Amino acid sequence: MENKPIVAITMGDPFGNGPEITVKALHDPKLYETCRPLVVGDASCMEYALEVARKVSGIELQLHPIQDVKEATFQYGTIDLMDLGLVKPEQIPHNVKEGKPAPFGIGACALGGEAAFQYVIKVIDLAMKKQVDATVTNALSKEAINMAGHHYSGHTEIYAEYTHTEHYTMMLAHENLRVVHVSTHVSLREAIERVKKPRVLEVIRIANAGCKALGIKQPKVAVAGLNPHCGEGGLFGREEIEEIQPAIDEAMAEGICIPDKKPTPPDTVFSKALGGWYDIVVCMYHDQGHIPLKVKGFVYNHKLGHWDAVAGVNITLGLPIIRASVDHGTGFGHAGNGGANELSLQNAISYAIQLAKHRKH
């Protein structure tokens, strides 16, 4: 068992879809063949999620609240939970009735934001102390954590500050499509201003190292342009000429493989990546990378009126610890109705295991 990495999983916002998704993911016995999962959250919320799972999906699991990693049993059928005791049972609106549970209906609030923030801080601490091998995060609400007084734009920035990391970036992945970002949670106007050679070069380096951390020996890196047609020789903008190309030239001089040797037009780079031309794409701003990933990974069944797949993984590269995350939101409007999709969490755990094993080797 000691060869299996210990993966600490945050419960996410207590009033979102995280508790339910966690129960569904840990209902898969194959998970326990590859890792030792440990949930960090609140027993009150997990008990409610287990009640929903029993009534809606027939899932029968037990909860094992603990206060120390050493107390965990890591046995299928029992969810080991490091219980922080932040949300009391009376603070949860119990709506499960005759197998037809209703959503919580709370939405973003300071209590949920504070709890979700503390779960994240706890798994970071466990990883930094090497008590766990990797961390995986369920969704939190940026609005809620700010309501609680924690002014961060997301998980990535929390991890960077609490691990004292200066150089980092977000990687999104789904199957053979991987993207990293020069900037993420800023306005589009500011994102354009952040396309500077030092940052572009830094992200190219991190992307290359991130692929190697996944076991890709010689990663092929594509660098997306910022402007239509990569600026068309300066007609539509000069960022490609003045900032992006110099970064590419220096990266190639360091031995990084950039097959195109220049910025690749953003309207074709993702199709080529899906075709196997590249292992990863360096994107210039948030939506340039997020949109193609979510078009690929999020599949809505219009006929049946539900999501067939909500797939994709968010990984923070450049940290001293491993962090993978779901690539979707808290789903406040549906939390508690039994319909949350666990695929993204399963993918995130799988990536965390892969990174942990490669790091050990």
Side-chain angles (χ1 to χ4, degrees), residues 1 4-104 115 119 123 132 136-139 304 306-311 326 328 330-331 334-350 352-353:
M1 184 180 286
K4 301 176 188 175
I6 299 176
V7 179
I9 305 164
T10 68
M11 196 183 74
D13 191 292
F15 306 119
N17 54 23
E20 180 187 342
I21 285 173
T22 301
V23 169
K24 287 185 173 182
L26 269 58
H27 184 242
D28 183 0
K30 293 181 181 177
L31 179 67
Y32 286 79
E33 297 173 7
T34 55
C35 77
R36 292 176 282 172
L38 169 67
V39 180
V40 174
D42 273 288
S44 58
C45 303
M46 289 299 294
E47 288 286 6
Y48 178 73
L50 284 166
E51 186 178 357
V52 171
R54 278 192 290 269
K55 287 187 176 291
V56 177
S57 305
I59 293 174
E60 294 288 345
L61 295 174
Q62 301 300 316
L63 198 63
H64 179 218
I66 62 173
Q67 294 300 315
D68 192 292
V69 178
K70 295 177 182 177
E71 299 172 22
T73 61
F74 303 119
Q75 298 294 323
Y76 173 70
T78 300
I79 297 177
D80 292 298
L81 169 74
M82 188 164 285
D83 180 16
L84 300 194
L86 300 173
V87 180
K88 307 304 179 188
E90 60 270 19
Q91 293 173 305
I92 301 174
H94 285 245
N95 296 326
V96 181
K97 294 179 181 178
E98 302 301 324
K100 296 180 179 179
F104 285 134
Y119 307 152
V123 296
V132 301
V136 172
T137 52
N138 267 297
L304 297 179
H306 65 73
W307 292 94
D308 286 340
V310 182
V326 298
H328 58 69
T330 54
H334 306 285
N337 68 6
N341 190 302
E342 71 275 21
L343 183 57
S344 186
L345 179 58
Q346 290 173 326
N347 291 343
I349 295 171
S350 178
I353 294 167

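Computed over heavy atoms, backbone and side chain alike; hydrogens, waters and symmetry mates excluded. This is a predicted model, so every value here is computed, not measured.
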Undergrad: Mind checking what makes side chain to side chain contact (heavy atoms under 4.5 Å, CB included) contact with Gln91, not counting sequence neighbours?
TA: Val87, Lys88, Leu111
Undergrad: Determine which pairs satisfy salt bridge (Lys or Arg N to Asp or Glu O under 4.0 Å) with at least one residue from residues 61-70, sequence neighbours left out, and list them in order.
TA: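 Salt bridge (Lys or Arg N to Asp or Glu O under 4.0 Å) check on residues 61-70 returns no pairs.
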Undergrad: Looking at every heavy atom in both Ser344 and Val326, which two are closest together, and how far apart are they?
TA: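 Where Ser344 meets Val326 most closely, the heavy atoms are OG-CA, 3.3 Å.
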Undergrad: Kindly give the heavy-atom pair with the smallest separation between Ala352 and Val136, and that separation in Å.
TA: CB-CG2, 3.6 Å
Undergrad: Using side-chain heavy atoms (C-beta onward) and a distance below 4.5 Å, is Ile349 in contact with Cys35?
TA: yes
Undergrad: Checking Asn138 now: which residues fulfil side chain to side chain donor-acceptor pair (under 3.5 Å) with it, not counting sequence neighbours?
TA: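 Expected list: Thr22.
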Undergrad: Between the main-chain N or O of His27 and the side-chain N or O of Tyr76, is there a donor-acceptor pair closer than 3.5 Å?
TA: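 Flag set: sc Tyr76 to bb His27 pair under 3.5 Å.
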Undergrad: Got a sec, which residues hit side chain to side chain donor-acceptor pair (under 3.5 Å) with His64, two or more places apart in sequence or on another chain?
TA: Asp80
Undergrad: With sequence neighbours left out, what residues match Glu60 under side chain to side chain contact (heavy atoms under 4.5 Å, CB included)?
TA: Arg54
Undergrad: Is the shortest side-chain heavy-atom distance between Val132 and Arg36 below 4.5 Å?
TA: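 When only atoms from C-beta onward are counted, Arg36 and Val132 do not touch, as no gap falls below 4.5 Å.
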Undergrad: I'd like to check the side chain to side chain donor-acceptor pair (under 3.5 Å) partners of Asp42; sequence neighbours left out, ordered by chain and number.
TA: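 Asp42: side chain to side chain donor-acceptor pair (under 3.5 Å) contacts with Tyr119.
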Undergrad: Determine the minimum heavy-atom distance between Leu345 and Ala25, stating which atoms define it.
TA: CD2-CB, 3.7 Å
Undergrad: Can you tell me which residue pairs pass the salt bridge (Lys or Arg N to Asp or Glu O under 4.0 Å) test with a partner in residues 5-23, sequence neighbours excluded?
TA: Glu20-Lys24
Undergrad: Roughly how far, to the nearest 0.5 Å, is CG of Leu61 from CE of Met46?
TA: 8.5 Å
Undergrad: If you round to the nearest 0.5 Å, how far is CG of Leu81 from CD of Gln67?
TA: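 One finds 9.0 Å between CD of Gln67 and CG of Leu81.
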Undergrad: Looking at every heavy atom in both Tyr32 and Phe74, which two are closest together, and how far apart are they?
TA: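 Residues Tyr32 and Phe74, closest heavy atoms: CD2-O, 3.8 Å.
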Undergrad: Would you name the heavy atoms of Pro19 and Pro14 that are closest together and state the gap between them?
TA: CG-O, 4.0 Å
Undergrad: Any heavy-atom pair between the side chains of Leu63 and Asp83 that's under 4.5 Å?
TA: no
Undergrad: Starting at CD of Gln346, measure out to CG of Leu31 and round the result to the nearest 0.5 Å.
TA: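 Here the interatomic distance stands at 8.0 Å.
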Undergrad: Atom CG in Leu343, atom NE2 in His328: separation rounded to 0.5 Å?
TA: 9.0 Å
Undergrad: Closest heavy-atom contact between Ala340 and Asn17?
TA: CB-CB, 4.1 Å
Undergrad: Could you tell me if the side chain of Val39 sits less than 4.5 Å from the side chain of Leu26, heavy atoms only?
TA: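 With C-beta onward as the side chain, the pair touches.
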Undergrad: Measure the CD1-OG1 distance between Ile79 and Thr73 for me, rounded to the nearest 0.5 Å.
TA: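 Answer for the CD1-OG1 pair, Ile79 versus Thr73, is 11.0 Å.
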